[in-house]
Amino acid sequence: MAKKVKMPQKSEAEIPLSSMIDVVFLLLIYFIVTQKPIIEETLLGVNLPAPGQPQKNNSQENMLLKVDVMSLPVKGGDEIYHVNSRPWYFKDLVEMLIETGKNDKDTTIIINCGPNAKHKKLIRLLDACGEAGLSKLNIVNDPSVKFTPVKY
Amino acid sequence: MGKKKPETQEASVPISSMIDIVFLLIIFFVVTASIDKEIEDERVTLANAPHGKPLTKKDPRSVTINVRPDGTLNMGMYTMTKPQISEQLKISASKFGYDMPIIIRGDREVQHGYIQEVMEAVTDTGLYRMNFNAEITGTKK
């Protein structure tokens, strides 16, 4: 009598999921931690002389906005800017710029920014000009003020 | 004769659907992680310009120069001096033209004197399209 050969039982092939899940979770945690909130950004353009373009000296016809270097926050944190050597609170300056923009959008603004002024002050002014619809903005440097770098 | 006990079923958590969700989340994070981040210096906190127009499209030729709070100039992940920046800008301008836009990402607290250095480097090269990068936050009127 022929004896039946017992076949070995086939075991089901399994992928080791547990270690993969660990790795996947680690990746997920990494991406969540390194994710940054999306910040909306803008670009504020200024005019620089194009090569070969003659520089017109028409500052007499234009409004001159001078960013005061020594200005300190006063009146509830409002800053002072100088327009044609006259001090203006920022709030009033914005109103004046809006009025100017309504009258003539082509008004050229010359911004005389001192080297010791903080950059945010210039951005604030450029933003106000943009709000007023004024786009002819020129930045000039004040050679009379000495740059004294603040040490960090 | 003893009573037959009912077979107890093993409680299992449905892992497969959870893995699907986790993979989808990973794909989301990988896709949203911006490639441009390398040109943006993390040490620079931009000033606020609540009335600015949101930046939708950037000129691919644009060059970004970061100015850190201590005045360090950074371009394409490398810390550079003013002459080095001028040199790099000259090379870029000869490739992409003098109408190539320059973006200055100045820290809100940095002194304008440092920004002035960058502006001088830009004008010395003959480039004339310059923009300041700012953050749109705050409430609009």
Side-chain angles (χ1 to χ4, degrees), chain A residues 17-18 20-21 24-25 27-28 30-36 38-53 67 69 94 98 111 113-133 137 139-142 145-152, chain B residues 15-16 18-19 22-23 25-26 28-30 32-34 37 40 42 46-55 58 62 67-71 98-99 101-116 119-120 122-123 126-137 140-141:
Chain A
L17 277 178
S18 57
M20 193 182 73
I21 294 168
V24 165
F25 266 112
L27 278 171
L28 185 66
Y30 167 76
F31 280 116
I32 290 172
V33 169
T34 57
Q35 183 76 1
K36 277 183 181 174
I38 298 161
I39 300 164
E40 256 195 323
E41 289 183 3
T42 186
L43 292 179
L44 305 163
V46 287
N47 294 338
L48 289 179
Q53 189 182 313
V67 182
V69 181
V94 172
I98 290 169
I111 301 165
C113 192
N116 298 312
K118 282 187 178 176
H119 184 55
K120 63 180 175 187
K121 204 171 172 186
L122 173 67
I123 295 291
R124 206 176 175 201
L125 181 64
L126 292 175
D127 184 45
C129 292
E131 188 193 356
L137 312 172
I139 298 178
V140 294
N141 300 323
D142 194 345
V145 184
K146 203 188 165 195
F147 179 38
T148 44
V150 176
K151 282 185 183 175
Y152 276 82
Chain B
I15 292 174
S16 56
M18 193 181 70
I19 294 171
V22 168
F23 265 115
L25 281 170
I26 286 181
F28 167 77
F29 283 120
V30 169
T32 56
S34 176
K37 288 288 175 205
E40 292 175 7
E42 287 178 6
L46 295 175
N48 297 338
H51 304 96
K53 284 178 191 164
L55 185 61
K58 222 180 198 179
S62 59
V67 188
R68 288 180 180 168
D70 60 351
Y98 285 87
D99 59 341
I102 305 295
I103 300 167
I104 299 178
R105 286 187 86 246
D107 189 276
R108 52 183 299 155
E109 297 296 327
V110 77
Q111 286 173 289
H112 182 70
Y114 294 113
I115 304 283
Q116 213 169 289
M119 285 168 70
E120 278 167 12
V122 172
T123 45
L127 296 158
Y128 57 91
R129 285 179 67 193
M130 197 179 67
N131 299 285
F132 291 107
N133 207 177
E135 193 181 300
I136 307 170
T137 47
K140 285 187 181 185
K141 271 184 190 173

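This structure is a prediction, so every number in the text was calculated from the model and none was measured. Every chain is numbered from 1 and lettered A, B, ... according to where its sequence line falls, protein lines coming before strand lines.
- For B:Leu25, the parts sitting under 4.5 Å from any heavy atom of chain A are the backbone and the side chain alike.
- Every salt bridge (Lys or Arg N to Asp or Glu O under 4.0 Å) that B:Arg68 has, sequence neighbours left out, goes to B:Asp41.
- Remark: side-chain polar atoms of A:Asp127 are paired, donor with acceptor, to backbone N or O of B:His51 under 3.5 angstrom.
- Highest contact tally toward chain A, considering only B:Glu42, B:Arg129, B:Glu120, is held by B:Glu42 [criterion: heavy-atom pairs under 4.5 Å].
- When each of B:Met18, B:Met119, B:Glu135 is checked for heavy-atom pairs under 4.5 Å with chain A, B:Glu135 comes out on top.
- Only the side chain of A:Ile21 has a heavy atom closer than 4.5 Å to any heavy atom of chain B.
- Contact of B:Ile26 with chain A is made through backbone and side chain together, with heavy-atom distances under 4.5 Å.
- Heavy atoms closer than 4.5 Å to chain A are found in the side chain of B:Val122, but not in its backbone.
- Ring geometry, B:Tyr114 versus A:Phe147: the interplanar angle exceeds 60°, so the pair is classed perpendicular (tilted spans 30 to 60°).
- Listed for the A:Asn116 side chain is a donor-acceptor partner under 3.5 Å among the backbone atoms of A:Thr148.
- Residues passing the ring-ring contact (aromatic ring centres under 6.0 Å, His included) test with B:His112, sequence neighbours excluded: none.
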